Amino acid sequence: MVKIHTVGGFSEVGKNMVVIELEEDAFIFDEGFFLPAIVSMEERDKVMTEKRLKSIKAVPEDSVIKKIKHKVRAQFISHAHLDHVGAIPFLSDKYNAPIYGTPFTIQVLDSLLRDNDIVLRNKIHEIKPNTTFYVKGKNKKYKIDFINITHSTAQCLMIAIHTKKGAILFSGDFKLDDTPVLGLKPNYKRLREIAKEGVQAFIVDSLYSGTERKTPSEKIARALLQEVLLTIQNKNAGMIVTTFSSHIARLKSIVEFGKKLNREVIFLGRSLDKYSTAAKNAGIAPFLKDINISRYRRQVEKTLHKVERKRKDYMIVCTGHQGEPGSILERLSRHDLPFKLNRDDNIIFSSSVIPTEINKEQFAKMENRLKKSKPRIFRDAHVSGHGGREDLRDILQILNPKHILPYHGGPDKTMPMVELSKELGYKFGKQCHLMKDGEILKL
Ligand SMILES: [Zn+2]
């Protein structure tokens with residue numbers, strides 16, 4: 001019998017974690033943060049422990065799988081976003097099982113471990129996208145597929161585990177992007193081969209299943225950026241671009257346009273340093289080779305002193321697209337850095353505000369302060385990394401799974417996926433399952 005434990009990510013957006021139990025063996029897919037809880041943590045609480053994180057419900061409540069803890073043979077990470085990898089440093093050690101992820105994801109995990117002074121006992125394996133490999137169970141081996149998929153960070157995966165009854169496929173986060181700016185296209189060939197063998201269950205990112213569209217390719221975000229960066233009047237003006245630090249493809253576009261403008265591109269902020277370094281170490285970001293990155297307060301101040309005087313020669317790429325307290329743009333808005341914004345300066349948001357109360361509030365505060373200096377502000381040079389309803393329809397038609405488990409949100413997010421599956425002939429409750437955190441589906 002197959003048991004799918006929906007540990008986290010089925011009642012909220014975040015703290016994703018799924019466990020597949022196959023008789024005497026079990027496999028974990030993702031251990032992520034619930035980011036609103038992390039963002040709300042006070043500075044003094046920043047020493048994180050499992051107990052503390054669980055008390056504020058910032059990590060999956062994995063005590064629900066306590067009874068099968070000894071059966072866990074592997075922990076797979078689908079991609080490098082914190083709502084998928086963030087809890088690994090605090091939860092994974094209790095399982096006597098190695099951790100598997102792509103080189104970029106593992107580089108990010110390494111930096112999270114260093115940030116928290118944590119050394120895991122678990123073995124950590126870097127596996128390239130589009131690799132098939134085997135993991136040892138108690139008495140047999142399991143075939144695993146790391147299938148390349150497109151999303152909004154680098155080297156993202158759909159992960160398949162093959163069973164006698166067919167494959168069980170964990171989607172990670174994805175959209176179907178045939179023209180990604182960095183990395184490979186979705187591996188449709190492998191997905192079709194797996195569909196041929198039969199997909200027993202598909203645990204699928206349904207965050208935007210309620211949006212009736214196909215999510216545009218990253219090439220569209222690149223075009224939006226190009227429009228702003230290369231066509232506005234910016235001759236003697238300052239240029240400040242902010243985006244998600246983990247969005248390596250987006251950073252590539254920004255760097256390339258900066259060079260076209262004959263400006264020196266500089267990166268400012270801790271998380272930009274963290275993800276750029278991970279990308280460099282994973283060997284996927286040659287475009288970052290000669291980029292000057294300032295991480296620490298003094299470095300940032302020194303760099304900005306230089307830029308302030310010759311702003312037309314530089315493009316600043318910095319943190320702060322969500323108005324996070326302490327990020328570079330937020331500090332610029334508070335005049336806490338040696339760079340005075342003026343009405344010729346351009347601030348470009350290659351991002352959208354994550355629709356949680358805390359993010360909306362923080363962003364609005366920063367924006368109001370920024371506007372006092374009257375800079376030009378360009379919002380939303382961005383496309384999402386999550387597939388809409390029509391990406392989901394396509395993937396269901398490619399895979400033709402027997403059972404569907406929508407995830408990456410509570411019923412407000414996943415119910416439209418149920419409606420779509422009904423439209424495609426799935427029976428609700430029998431073949432399409434709306435789960436909550438901490439439940440088990442037996443197949
Ligand atoms: Zn993601």
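The structure presented is a predicted model; accordingly, all values stated were derived computationally and were not measured. Counting starts at 1 for both ligands and their atoms, in listed order.
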Test item: side-chain donor near acceptor, Tyr188 and Asp178, under 3.5 Å: yes

Listed partners of Asp380 passing salt bridge (charged side-chain N to carboxylate O under 4.0 Å, His left out), at least two apart: none

Exercise: do His81 and His151 side chains pair donor with acceptor under 3.5 Å: yes

Count of N, O or S atoms belonging to protein, less than 2.8 Å from the Zn ion (ligand 1): 4

Phe174 and Phe202 aromatic ring geometry - parallel, tilted or perpendicular at 30°/60° bounds: tilted

Shortest non-hydrogen contact from Ser253 toward Arg222: OG-NH1, 3.1 Å

Lys/Arg-Asp/Glu bridge criterion (N-O < 4.0 Å) met for Lys67, Glu21: no

